[in-house]
Amino acid sequence: MARHLITSALPYINGIKHLGNLVGSQLPADLYARYLRGRGHEVMFICATDEHGTPAELAAAKTGEAVADYCARMHGEQAALARGFGLSFDHYGRSSSDRNRALTQHFAGRLADHGYISEVSEKQVYSIDDARFLPDRYIEGTCPNCGYDKARGDQCENCTKLLDPTDLIDPRSAISGSTNLEVRETKHLYLRQSALKDQIAAWIDSKTDWPILTTSIARKWLNDGDGLQDRGITRDVQWGVPVKRGDKDWPGMEGKVFYVWFDAPIEYIAATAEWADANGKTDADWRRWWRKDEGAEDVTYTQFMGKDNVPFHTLSFPATLIGSDEPWRMVDYIKSFNYLTYAGGQFSTSQGRGVFMDHALEILPADYWRWWLLSHAPESGDSEFTWENFQQSVNKDLADVLGNFVSRITKFCRSKFGETVPEGGAYGPEERALIEALTTRIRAYEGFMADMEVRKSAAELRAIWVLGNEYLQSAAPWSSFKTDPEKAAMQVRLGLNLIRLYAVLSAPFIPFTAKAMAEAMGTADAGWPDDVEQAMMALQAGHAFTTPDNLFAKITDDQRAEWEDRFKGVRK
RNA sequence: GGGCCUGUAGCUCAAUUGGUUAGAGCAGGGCGCUCAUAACGCCUUGGUUGCGGGUUCAAGUCCUGCCGGGCCUACCA
């Protein structure tokens with residue numbers, strides 16, 4: 001039994017997340033966490049809402065709420081949706097928590113004490129009417145290159161040219177449209193990543209088993225141009241962790257907050273502390289997951305994230321941990337994902353494009369989404385969601401292959417033997433061949449799951465389901481029942497045990513259905529089939545079961561057409 | 001502009017890292033079965049691996065040039 005710390009990238013607070021967000025981090029992280037728990041490992045699975053920064057302030061202003069109220073409300077909504085999707089976080093924290101505030105300030109203090117913080121005076125665009133400094137992308141104007149009139153201060157979306165805000169013709173605030181802008185001087189703290197470059201590079205070089213997607217992004221930042229650049233870690237906004245040096249004030253930094261990307265990854269640690277607080281645990285209980293000097297030496301730490309998050313997890317967060325000169329557990333493996341696309345374009349929270357978590361649960365149970373998203377996870381490249389593919393996959397894999405298997409065996413047993421596991425008969429060559437085939441495939445499944453090969457795991461699980469149908473077809477208990485009822489009894493008993501086996505194996509992918517299957521079989525035995533032959537004797541003759549309703553209703557063509565139409569535009 | 005990723009059957013993806021005849025699922029075709037959600041099983045049709053060069057005994061895999069798609073480019077997160 002090993003100890004596994006698992007974190008999912010933190011979903012940003014400003015709205016309901018879409019399926020692309022879900023499949024890029026939280027869902028595969030949940031798959032892995034559930035699998036490891038199923039194998040009996042000790043797991044700490046952490047996620048949280050990422051609540052600070054300009055977009056949260058603007059989203060709150062739009063609804064007229066105070067930003068703290070807005071975040072509290074949205075956290076509640078996101079937490080409810082996470083539960084709806086069966087995301088089995090040990091704790092779903094908030095980056096605005098007291099724990100994170102204290103820890104973020106602690107790290108900043110440690111970094112400053114070790115000379116890894118510098119103060120930099122810089123000029124930034126200030127909007128007098130908005131009463132705030134504007135990040136480059138919140139300044140709009142006419143592109144000097146192509147004349148596009150909605151170019152952003154960082155880049156023109158029309159001609160893709162990189163810009164400085166001062167390049168724009170007729171610049172205006174993207175928030176209010178005000179042209180009442182001026183350049184002001186402001187002072188910020190910078191994390192001296194350049195001074196930590198060699199240590200980070202050596203650390204990245206040691207990760208030879210990481211996906212190319214992950215290491216290549218890190219190397220680009222490490223080696224591009226003059227190498228890893230120092231990074232501003234404070235901002236002139238209201239909503240964030242106030243800048244402090246440990247628990248002391250930071251002269252000259254009054255009224256400023258830490259940059260959201262500085263405090264967000266620290267929330268992985270803080271959320272574990274929140275877990276302790278929420279469950280009556282001690283500090284030692286959470287620190288044994290994070291501090292190598294307090295028990296975390298044997299922890300394996302895995303992070304899940306979309307590819308856009310990689311630089312922060314391979315560079316700035318490690319720089320924070322290394323620079324603190326404290327023995328924090330650093331990530332052992334980063335599993336990163338490409339993007340899920342929707343009807344040829346991107347899912348977009350800001351544009352309301354695609355299918356969102358709340359709407360998804362309105363129209364279908366979570367397991368449908370979990371299965372499709374995981375079995376099509378964008379691991380090797382971007383992958384596309386289409387309603388036709390979704391309908392076909394779900395109907396075939398879940399309704400026909402798995403659901404119908406459960407249906408045929410339970411209904412046959414009910415009509416011939418009643419709702420009790422029948423007794424009699426002994427295994428023949430077919431049963432031994434089945435157990436051998438199951439063993440081979442289950443071992444392969446375990447290998448893929450351990451390697452976080454999500455799509456391959458799904459394909460293997462499906463193949464395991466198919467074995468059940470193949471067996472029934474060749475064993476044909478409906479025929480043997482006529483000539484040799486004891487043989488049919490044995491075959492059916494094996495079939496019922498297959499349902500329990502499938503419940504155990506499938507739980508990481510489709511936890512709700514797995515639970516329904518186990519309950520129908522009247523068992524709480526979730527023992528992992530280390531020995532398949534043993535596992536096929538979990539349900540003994542005389543054990544009562546119930547015949548479940550169909551586990552999965554098929555998606556009809558009418559439904560597909562309706563949803564295709566409903567979700568083709570922009571979220572209201 | 002620069003960097004990285006990517007292009008394999010109608011569709012979604014594999015291919016043990018350069019090694020026999022490029023494999024699965026879905027969709028299509030045929031046969032079988034009748035327990036089951038018109039479900040299941042078996043068989044089967046589909047590929048000049050984007051295009052052109054090159055290296056090699058051997059290239060989907062390595063190099064190079066085109067063409068297409070995507071991501072990142074440090075002040076969105």
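In what follows, chains carry the letters A, B, and so on, assigned in the order in which the sequence lines appear, proteins first and then strands, with residues in each chain numbered from 1. Since we're looking at a predicted model, the values are computed, not measured.
- Within the 4.0 angstrom heavy-atom criterion, no nucleotide atom of any strand lies near A:Gly306.
- Closest non-hydrogen pair, A:Ser506 versus A:Trp465, comes out as OG-NE1, 3.0 Å.
- In this structure, A:Tyr259 places its OH atom 8 Å from C1' of B:A74, rounding to the nearest Å.
- Going from atom CZ of A:Phe405 over to atom C1' of B:A36 covers 11 Å, rounded to whole Å.
- A straight line from CZ of A:Arg462 to C1' of B:C26 spans 8 Å, rounded to a whole angstrom.
- Counting only heavy atoms from C-beta on, A:Trp221 has its side chain closest to B:C72 among B:A27, B:U12, B:C72.
- Nearest nucleotide to the A:Asn469 side chain, out of B:A74, B:C40, B:C76: B:C40.
- Close to B:U12, at under 4.0 Å from its OP1 or OP2, lies no side-chain N or O of A:Lys396.
- Rounding to whole angstrom units, CZ of residue A:Arg235 and P of B:A74 are separated by 12 Å.
- Considering only side-chain N and O atoms, A:Lys554 lies under 4.0 angstrom from the phosphate OP1 or OP2 of B:A39.
- No N or O donor and acceptor, one from the side chain of A:Asn404 and one from the base of B:A39, sit under 3.5 Å apart.
- Within the nucleic acid shown, A:Asn550 comes within 4.0 Å of at least one base atom, counting heavy atoms only.
- Considering NE2 of A:His188 and CG of A:Asp236, their distance stands at 4.0 Å, rounded to 0.5 Å.
- When each of B:A77, B:C76, B:C33 is scored by its nearest atom to the side-chain atoms of A:Asp154, the top-ranked nucleotide is B:C76.
- Among the nucleotides B:C76, B:A77, B:U37, the one closest to the side chain of A:Phe552 is B:U37.
- For A:Tyr12, taking side-chain heavy atoms from C-beta onward, the closest of the listed nucleotides B:C33, B:A77, B:C76 is B:A77.
- Distance check: A:Glu388 CD to A:Asp557 CG gives 9.5 Å after rounding to the nearest 0.5 Å.
- Using atom C1' as the reference point in both B:G10 and B:C62, the two lie 31 Å apart (nearest Å).
- Defined by atom type and a distance below 3.5 Å, a donor-acceptor pair is present between the side-chain atoms of A:Ser480 and A:Gln491.
- Other residues, nucleotides and ligands place no more than 12 heavy atoms under 6.0 Å from the NZ atom of A:Lys487.
- Within the 4.0 angstrom heavy-atom criterion, only backbone atoms of the sugar-phosphate kind lie near A:Tyr339; the bases stay farther away.
- Classified by its glycosidic torsion, B:U17 falls in the syn category, the angle being within 90° of 0.
- Residue A:Lys220 is classed as a base contact, given a heavy-atom separation below 4.0 Å to a base.
- A:Asn338 places its CG atom 17 Å from the P atom of B:G69, with the value rounded to the nearest Å.
- Ring-to-base geometry does not place A:Phe412 in a stacked arrangement with B:C35 (centre distance under 5.5 Å, plane angle under 30° required).
- The CD-C1' distance, from A:Glu379 to B:U12, rounds to 13 Å in whole Å.
- The side chain of A:Tyr471 places no N or O atom within less than 4.0 Å of a non-bridging phosphate oxygen (OP1 or OP2) of B:C40.
- You'll find a donor-acceptor pair under 3.5 Å spanning the side chain of A:Gln124 and the base of B:C75, going by distance alone.
- Here A:Arg137 reaches the OP1 or OP2 of B:C76: one of its side-chain N or O atoms lies under 4.0 Å away.
- Interatomic distance, OG1 of A:Thr54 versus CD1 of A:Ile175, reported as 7.0 Å (0.5 Å rounding).
- An OP1 or OP2 oxygen of B:A14 is reached within less than 4.0 angstrom by a side-chain nitrogen or oxygen of A:Ser380.
- To the nearest angstrom, C1' of B:G25 lies 16 Å from CG of A:Leu402.
- A sub-4.0 Å separation between OP1 or OP2 of B:A15 and a side-chain N or O of A:Lys456 is present.
- When the side-chain nitrogen and oxygen atoms of A:Arg455 are compared with OP1 and OP2 of B:A14, one or more of them lie within a distance under 4.0 Å.
- As rounded to whole Å, 16 Å separates atom P of B:C76 from atom CZ of A:Phe133.
- For A:Trp261, the side-chain atoms get nearest to B:A77 when compared with the rest of B:A77, B:C71, B:A74.
- More than 90° away from 0 lies the glycosidic angle of B:G29, which makes this nucleotide anti.
- Using a 4.0 Å heavy-atom cutoff across all strands shown, A:Asn395 reaches no nucleic acid atom at all.
- Counting only heavy atoms from C-beta on, A:Ser407 has its side chain closest to B:U37 among B:U37, B:C33, B:A77.
- Remark: aromatic rings of A:Phe317 and A:Trp261 are distant, center separation not under 6.0 Å.
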